[in-house]
Amino acid sequence: MSTLLKLDHVETFIGQYHILQGVTFEVPKGEVTVLLGRNGAGKTTTLRTIMGLNHASKGSVSFKGEEIKDLPTYTIANKGIGYVPEDQGIFAGLTVEENIKVAIKKENEETHERLDWILNLFPDLKKFWKKPGGLLSGGQKQMLSIARAYVNENELLLIDEPSKGLAPIIVEKVMESIQQMKDKTTIILVEQNFMMASTIGDSFYIIDDGRTVSNGSMNVLREDEEMRRKYLGIA
Amino acid sequence: MDVLINLSLNGLATGMLIFLLAAGLTLIFGLMDVLNFAHGGLFAWGAYSGIWIYTATGSFLVGIIGAILTGMLLGILTERWIIKPVYGNHVQQILITLGLMLVLSEMLKVVWGPNQISASTPSYLSGSWEVGGVIIIKYRVFIIAVGLAVFLAVQYVLKKTKIGLVVRAGVMNKEMVQSLGINIQKVFMLVFMIGAGMAALGGMLLGPYSGVIHADMGMEFAILAFIVVVIGGMGSFSGSVMAAILVGLSGSFMAYYVPDLALAANMLLMAVVLIFRPQGLFGAKG
Ligand SMILES: Nc1ncnc2c1ncn2[C@@H]1O[C@H](COP(=O)(O)OP(=O)(O)OP(=O)(O)O)[C@@H](O)[C@H]1O
Ligand SMILES: [Mg+2]
């Protein structure tokens, strides 16, 4: 199994605050790697650092063996990384169609196929194709954000807490879609909902106070109640 | 009746000139969060360079093209050397663009002298038509037509093309645009260049309209353009054309009926809009 993305002792400042103080992990190609950790631990900052939206002052971020930590965000994205931010990043004044169109890098056979596939998964998006993104429900926004990251042939998707604030039935729908994408792309998933994370995830890393403190296969964490209590505050 | 028609045409023409200046301002603010106080300087530079070329070549059209190109070139240089280093810092932006405004004005005096320069209307646009007893000045109609054409062209690009889509998305969420693999710096430069070109065109068109151009003409129009940007909603392109027409008409009618209150009326209009709709009449941003 080859490593697609690797973070090595990454440190990130936001202004004067030392937010990430040593984040190290590896993402094997074709797997779902879950980042866990309590509120404010640094999960979102980790994803933003990978995207270059926050700059890592130390350490290394390598994607397919290439150092990307000092590249501008658009270049990183063009290397094949799709981002579903915590706030979904929907362009409120653009229609669903336009939100997707603006994301498509090069319209071709492949993007059409991917678009059809994801619209079948999320028929709501088809239904509200001409509706402004700002008027969608929370769940629909999440679906749109995922679809937008998926339409391009990205090799890696970063998905930040897709279940946040959604009704359980919608969470299930979103998680099911991620489950299905697993066959086509590698995923880093930030997820507080442990039930969901443990069904989809292959391996996990726990981030605490800006550091990766523990990792292993998802099966291990399912058994280790002690660890879950200590770092995640759940039993 | 003919007074009303002429005041309206006058107001519309002035409105279009303000629009050409305000459109760039509002797009640059919406997309880059930059308040460019030097924008009026580009307007004046458009007038001087355009009239100069027009006088030298004898062709008004070549003068217009020269003005637009000069504006675009200055726009690129401004974005590159002046604005780019201070993205994200509003205080520095205000200081440096105000400074640039003064420099641009003074440079005009250095190159073309401190006195105002007269600008004439080309023969095919001078004179007037008589329609049903009303005298209609051709050049005013010309300005309105050019303004409308520019509005429609830019509106088309914004609504119907991929680059327009990117600009609209950028106004809403810059980080996300970059996360989708788009080089927003390039988009910034393009928008700045087009905004500067529109401002320069406005300045050039004003020359024959008012008969003379002077180094401080940019300042006067920039004040009106800022009022328009606020009324129309910062970042809203279609808002800027509506507000510019409103301000142009109000200026024209007030100048005729209560001349002392012409500028005050527009300030008042802005204050009223700010009180009841702080995001502007067509605000794109919250
Ligand atoms: N712009 C900022 N300025 C200052 N501190 C920030 C900023 N953004 C994040 N932080 C801080 O960085 C830390 C990590 O934040 P981050 O958003 O990465 O956490 P998280 O693990 O995603 O949390 P959550 O589960 O609540 O989303 C927090 O303490 C947060 O307060
Ligand atoms: Mg977070």
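Per chain, numbering begins at 1; letters A, B, ... match sequence-line order.
Proximity to chain A among residues 149-167 of chain B is limited to B:Lys162, B:Leu165, B:Val166, judged by heavy-atom separations below 4.5 angstrom. Against chain B, the residues from residues 39-68 of chain A that qualify, each with a non-hydrogen atom under 4.5 angstrom away, are A:Arg48, A:Met51, A:Leu53 in number order.
Within the 4.5 angstrom heavy-atom criterion, no atom of A:Ile76 approaches chain B.
Here the closest heavy-atom approach between residue B:Gln178 and residue A:Ala77 is recorded as O-CB, 4.0 Å. Counting all heavy atoms, side chain and backbone alike, B:Asn173 lies closest to A:Phe91 at O-CE2, 3.5 Å. Heavy atoms only, all atoms of each residue included: B:Ala169 and A:Leu94 are closest at CB-CD1, 3.8 Å.
For A:Lys6, the NZ atom is loosely surrounded, since the number of other residues' heavy atoms within 6.0 Å does not exceed 12. No more than 12 heavy atoms of other residues, nucleotides or ligands shown are found within 6.0 angstrom of NZ on A:Lys101. By the 6.0 Å contact criterion, CE on B:Met189 is enclosed, its count of non-hydrogen atoms from other residues, nucleotides or ligands being greater than 12.
A distance of 7.0 Å separates CG of B:Asn183 from OG1 of A:Thr75, quoted to the nearest 0.5 Å. To the nearest 0.5 Å, the span separating CG on B:Leu180 from NZ on A:Lys105 amounts to 7.5 Å.
In terms of heavy-atom pairs under 4.5 Å with chain B, the best-connected choice from A:Pro72, A:Ala92, A:Ala103 is A:Ala103. Of the residues considered (A:Asn78, A:Thr73, A:Val102), A:Val102 shows the highest number of contacts with chain B, using heavy-atom pairs under 4.5 Å.
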